[in-house]
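Values reported hereafter were calculated over all heavy atoms of this structure, with side chains retained and with hydrogens, waters and symmetry mates removed.
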Amino acid sequence: MKIKAHIDNSAGEHHIALTTDDNVHSILIPPKPSGFGSSTNGGELLFLALATCYCNDIYREATKRNIAVERVEVEVNGDFGAAGEHAQNVTYRAQVHAKGTAEEIHALMEYTDTVAEIQNTLRAGIPVKFTDIEVVNT
């Protein structure tokens, strides 16, 4: 699975394109009230990525176990300090409404935490490399 995220931001404009393999789509996040930058910060998006990954993976893994999931709620919390500091105290909690025994649903939730790709990426401390700089004089 090849994933790409692209942002194009200018005065009053904030466009997002997301691609997974050949599937291209967008999400709407308005610009900051000042007109430059995103109204949503990177920490919020990182935590949303954790919540979204776990949510989607619950449905994926439940299907494999023939568990009918009706609803998933995920909340991610953590702290960011000064500019440039990494997140700390990142935790998440989930509630899953599903048909099955409490033990089956609990086992599904525990297992899903071990295969959630975004969680595992952060846990592994994968390096992020800045690979290209392009300057356009205006």
Asker: Quick one, Asp8 and Glu13 - any side-chain contact, counting heavy atoms below 4.5 Å?
Answerer: no
Asker: Kindly work out whether a path of hydrophobic side-chain contacts (I/L/V/M/F/W/Y, heavy atoms less than 4.5 Å apart) joins Leu48 to Leu18.
Answerer: yes
Asker: According to ring-ring contact (aromatic ring centres under 6.0 Å, His included), does anything in residues 115-138 pair up with another residue at least two apart or in another chain? List the pairs.
Answerer: none
Asker: Is the number of heavy atoms from other residues, nucleotides or ligands under 6.0 Å of His97 NE2 greater than 12?
Answerer: yes
Asker: Nearest 0.5 angstrom please: Asn77 CG to Leu50 CG, how far?
Answerer: 11.0 Å
Asker: Spell out, yes or no, whether Val24 and Ile16 are grouped together once hydrophobic residues are joined by side-chain heavy atoms under 4.5 Å, including indirect joins.
Answerer: no
Asker: Would you find more than 12 non-hydrogen atoms of other residues, nucleotides or ligands less than 6.0 Å from Lys2 atom NZ?
Answerer: no
Asker: Enter the distance from Leu122:CG to Glu117:CD here, rounded to the nearest 0.5 Å.
Answerer: 12.0 Å
Asker: Do you see a donor-acceptor pair shorter than 3.5 Å between the side chains of Gln88 and His86?
Answerer: no
Asker: Check for me, please, whether Ile105 and Tyr111 land in the same ILVMFWY cluster - side-chain distances under 4.5 Å, paths through other members count.
Answerer: no
Asker: Hey, is the main chain of Gly37 close enough, under 3.5 Å, to the side chain of Asn9 for a donor-acceptor pair?
Answerer: yes
Asker: Could you grab the distance from atom CD of Gln95 to atom CD of Glu75, nearest 0.5 Å is fine?
Answerer: 11.0 Å
Asker: Quick check: does any side chain N or O of Glu110 sit under 3.5 Å from a backbone N or O of Ala107, one acting as donor and the other as acceptor?
Answerer: no
Asker: So, for Val72 and Ile58, which heavy atoms are closest and what is the spacing to 0.1 Å?
Answerer: CG2-CG2, 3.7 Å
Asker: Of all the heavy-atom pairs spanning Ala62 and Val69, show the shortest one and how long it is.
Answerer: CB-CG2, 3.4 Å
Asker: Does any non-hydrogen side-chain atom of Ile133 lie less than 4.5 Å from one of Val135?
Answerer: yes
Asker: Would you say the side-chain atoms of Glu85 pair up with the backbone N or O of Ala82, donor to acceptor, closer than 3.5 Å?
Answerer: yes
Asker: Heavy atoms, side chains only, cut-off 4.5 Å: are Thr19 and His6 in contact?
Answerer: no
Asker: Identify the heavy atoms of Asp21 and Met1 that sit nearest to each other, and give their distance.
Answerer: OD1-CA, 3.4 Å
Asker: Roughly how far, to the nearest 0.5 Å, is CG of Leu45 from CD1 of Ile29?
Answerer: 4.5 Å
Asker: Can you tell me how far CG of Asp57 sits from CG of Asp113, rounded to the nearest 0.5 angstrom?
Answerer: 10.0 Å
Asker: Taking Thr101 for the side chain and Glu104 for the main chain, is one N or O donor matched with an acceptor at less than 3.5 Å?
Answerer: yes
Asker: Please verify the inter-ring angle class for Phe47 with Phe80; under 30° counts as parallel, over 60° as perpendicular, anything in between as tilted.
Answerer: tilted
Asker: Drop me the distance from Arg123's CZ to Thr121's OG1, to the nearest 0.5 angstrom.
Answerer: 10.0 Å
Asker: Any sub-3.5 Å donor-acceptor pair from Gln119's side-chain atoms to Thr114's backbone N or O?
Answerer: no
Asker: Return the minimal non-hydrogen interatomic distance between Ile67 and Lys99, and the atom names on each side.
Answerer: CG2-O, 3.5 Å
Asker: Compare every heavy atom of Met109 with every heavy atom of Tyr54, then report the nearest pair and how far apart it is.
Answerer: OH-O, 2.9 Å
Asker: List the atom of Gly43, the atom of Asn41, and the distance in Å for their closest heavy-atom pair.
Answerer: N-OD1, 2.9 Å
